[in-house]
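Accompanying notes for the structure given below.
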Amino acid sequence: MLSTLIDFADPRTDGATRLRAAFGAPVRVLVAHAPHEVRPVLEAVEALAREGRWCVGHLRYEAAAGLDPAVDVHAADGPLAWFGVHDVALPWPDAQVPAVAPVAWTANLSREAFDRNMQAIHRAIADGVLYQLNYTAPLRATFDGDAQAWFHALRQAQPNGYGAFIDTGDEQVLSVSPELFFDRDGDRILVRPMKGTAPRGATPAEDAAHALRLRTVPKERAENVMIVDLIRNDLSRVAQPFSVRVPRLFHTEALPTVWQMTSDVEARLREGTTLADLFAALFPCGSITGAPKVSAMRMIRALEPDARGVYCGAVGVVRPGGHATFNVPIRTVTLRGNAARCGIGSGITADAQADAEWDEWRHKRAFLGAAVSSQP
């Protein structure tokens, strides 16, 4: 049984080409259970990739505690970092996989609690503590089917992004995230934060109107540019002087159930910048924290009662030679036994309205309902 599948868009060609590969059981596993082990795992990943291995894995959101002692996170619900090391990449499997039955998801967060937390976020923004906060909550379900088949069904419902199926033995990660965290190729790095969401329309005219509104509404643009500024500042910690630039701003991307707005931030890295240095500068991605990052993460811990886990962390691949591509694992399901979890959230700014944000969460979770059958 294959333990890992990778289907990543090439972000520098807007997905015109893809990295699509399978991997068997890893020849070695690198795991960080404690914060002080996170950086050594990343250093080992980079060293092994430069020796010619493939390294595929993930970091939990709570791994941030091992990269920046200033951040405040819950205790992790699993290993902070996990990477499988592989000698070779195998062809993408062509065999058909079984259909997947609908999954019944439940949310523990009530509308009353959601509204109350929205008010708390708005007070923090009014008091100058925050500019924006990314607020999330988990959906939970029971799943008794084939995890790989479910991944293929999710991939059909949410195609063209950064898909990954990773089976660690204790846990399966089924990520079909549309959001690039970063792509590092030599001394070039591209970060593509995704902030701003609108539903798809029922007709071509309505669909185009939703996309136009997403690009032009001040709330959505403000949400996006705040995070772009945060990432520019994060990148400046590892970038060559004056090399950070924003070649594309407020770009709308059509997904099956929503429109999303992205912006590109690029830089040339300083000589000697390591993979661990990149994560120390950028992780977690500002799009899933808010700004300022340390204050936002402190409030996230106060409002969200549980660890986020792999959701909002990073899932990715480091190829032989060191080329690294990681997604921000949104639209991501994790499985332990038959217990499934999927986080949903949004960026809250001063002019965010509870009704609109609640609807946005509903639109974002629609991909789960669409994943009811699969053909690879």
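This structure is a prediction, so every number in the text was calculated from the model and none was measured.
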Any salt bridge between [X] and [Y], counting N to O under 4.0 Å?
{"X": "Asp115", "Y": "Arg111", "value": "yes"}
{"X": "Asp10", "Y": "Arg18", "value": "no"}
{"X": "Asp87", "Y": "Arg28", "value": "no"}

- Are the aromatic ring centres of Phe279 and Phe182 under 6.0 angstrom apart?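 Close enough - the centres of the two rings lie under 6.0 Å apart.
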Hey, does [Y] have a side-chain heavy atom less than 4.5 Å from the side chain of [X]?
{"X": "Leu59", "Y": "Phe83", "result": "yes"}
{"X": "Met297", "Y": "Pro284", "result": "yes"}
{"X": "Leu180", "Y": "Val191", "result": "no"}
{"X": "Pro256", "Y": "Arg200", "result": "no"}
{"X": "Leu275", "Y": "Glu43", "result": "no"}
{"X": "Asn338", "Y": "Thr142", "result": "yes"}
{"X": "Val173", "Y": "Phe165", "result": "no"}
{"X": "Asp77", "Y": "Asp306", "result": "no"}

Calculate, to the nearest 0.5 Å, the distance between atoms [atom1] and [atom2] belonging to [X] and [Y] respectively.
{"X": "Glu46", "Y": "Asp277", "atom1": "CD", "atom2": "CG", "result": "8.0 Å"}
{"X": "Asp7", "Y": "Arg20", "atom1": "CG", "atom2": "CZ", "result": "4.0 Å"}
{"X": "Tyr311", "Y": "Thr332", "atom1": "OH", "atom2": "OG1", "result": "8.5 Å"}
{"X": "Ser243", "Y": "Arg188", "atom1": "OG", "atom2": "CZ", "result": "12.5 Å"}
{"X": "Asn117", "Y": "Glu357", "atom1": "CG", "atom2": "CD", "result": "13.0 Å"}
{"X": "Asn224", "Y": "Thr262", "atom1": "CG", "atom2": "OG1", "result": "7.5 Å"}

Would you find a donor on one side and an acceptor on the other, under 3.5 Å apart, between the side chain of [X] and the backbone of [Y]?
{"X": "Lys195", "Y": "Met261", "result": "no"}
{"X": "Ser3", "Y": "Asp167", "result": "no"}
{"X": "Lys219", "Y": "Asp351", "result": "no"}
{"X": "Arg308", "Y": "His74", "result": "no"}
{"X": "Glu37", "Y": "Ala34", "result": "yes"}
{"X": "Gln132", "Y": "Glu223", "result": "yes"}
{"X": "Arg270", "Y": "Ala239", "result": "yes"}
{"X": "Asn327", "Y": "Tyr162", "result": "yes"}
{"X": "Glu62", "Y": "Gly309", "result": "yes"}
{"X": "Arg192", "Y": "Asp264", "result": "no"}

- Message: Quick one, Asp72 with Arg298, criterion salt bridge (charged side-chain N to carboxylate O under 4.0 Å, His left out). Give me CA distance, side-chain angles, the key distance, then yes/no.
- Response: CA-CA 5 Å; Asp72 191 8; Arg298 186 177 301 120; 5.1 Å; no
Heavy-atom pair of closest approach, residues [X] and [Y]:
{"X": "Val238", "Y": "Leu278", "answer": "CG2-CD2, 4.0 Å"}
{"X": "Asn134", "Y": "Glu304", "answer": "O-OE2, 3.9 Å"}
{"X": "Ala147", "Y": "Leu174", "answer": "O-CD2, 3.4 Å"}
{"X": "Val315", "Y": "Phe8", "answer": "O-CZ, 3.8 Å"}
{"X": "Ser263", "Y": "Pro193", "answer": "O-CD, 3.1 Å"}
{"X": "Lys293", "Y": "Leu282", "answer": "NZ-O, 3.0 Å"}

Is there a chain of hydrophobic side chains (I, L, V, M, F, W, Y, each step under 4.5 Å between heavy atoms) that links [X] to [Y]?
{"X": "Val71", "Y": "Leu80", "result": "yes"}
{"X": "Val258", "Y": "Leu214", "result": "no"}
{"X": "Phe250", "Y": "Val217", "result": "no"}

- Item | Plane angle bin for Phe283 and Phe181 - parallel if under 30°, tilted between 30 and 60°, otherwise perpendicular | tilted
- Item | side-chain contact (heavy atoms from CB on, under 4.5 Å) assessment of Phe151 paired with Val176 | CA-CA 8 Å; Phe151 167 69; Val176 291; 4.1 Å; yes
Counting heavy atoms not belonging to [X], are there more than 12 under 6.0 Å from its [atom1]?
{"X": "Arg336", "atom1": "CZ", "answer": "yes"}
{"X": "Glu206", "atom1": "CD", "answer": "yes"}
{"X": "Arg248", "atom1": "CZ", "answer": "yes"}
{"X": "Tyr131", "atom1": "OH", "answer": "no"}

- Item | Test log, rule ring-ring contact (aromatic ring centres under 6.0 Å, His included), inputs Trp105 and Phe143 | CA-CA 10 Å; Trp105 292 92; Phe143 180 77; 9.1 Å; no
- Side-chain donor-acceptor pair present, Thr252, Arg215, cut-off under 3.5 Å: yes
- Query: Do Thr197 and Trp259 have side-chain atoms, one donor and one acceptor, less than 3.5 Å apart?
  - Reply: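 Short answer, no.
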- Could you walk me through whether Glu179 and Cys285 pass the side-chain contact (heavy atoms from CB on, under 4.5 Å) check? CA-CA 10 Å; Glu179 182 172 4; Cys285 185; 4.2 Å; yes
- Candidates Val228, Leu230, Asp234, Leu235 - the one meeting side chain to side chain contact (heavy atoms under 4.5 Å, CB included) with Arg232: Val228
- Apply side-chain contact (heavy atoms from CB on, under 4.5 Å) to Leu303 and Tyr135, showing your working. CA-CA 8 Å; Leu303 292 179; Tyr135 176 47; 4.3 Å; yes
- Task: Start with the C-alpha gap between Met299 and Val129, add the side-chain angles, then the distance that decides, and say whether side-chain contact (heavy atoms from CB on, under 4.5 Å) holds.
- Result: CA-CA 10 Å; Met299 190 163 194; Val129 176; 5.9 Å; no
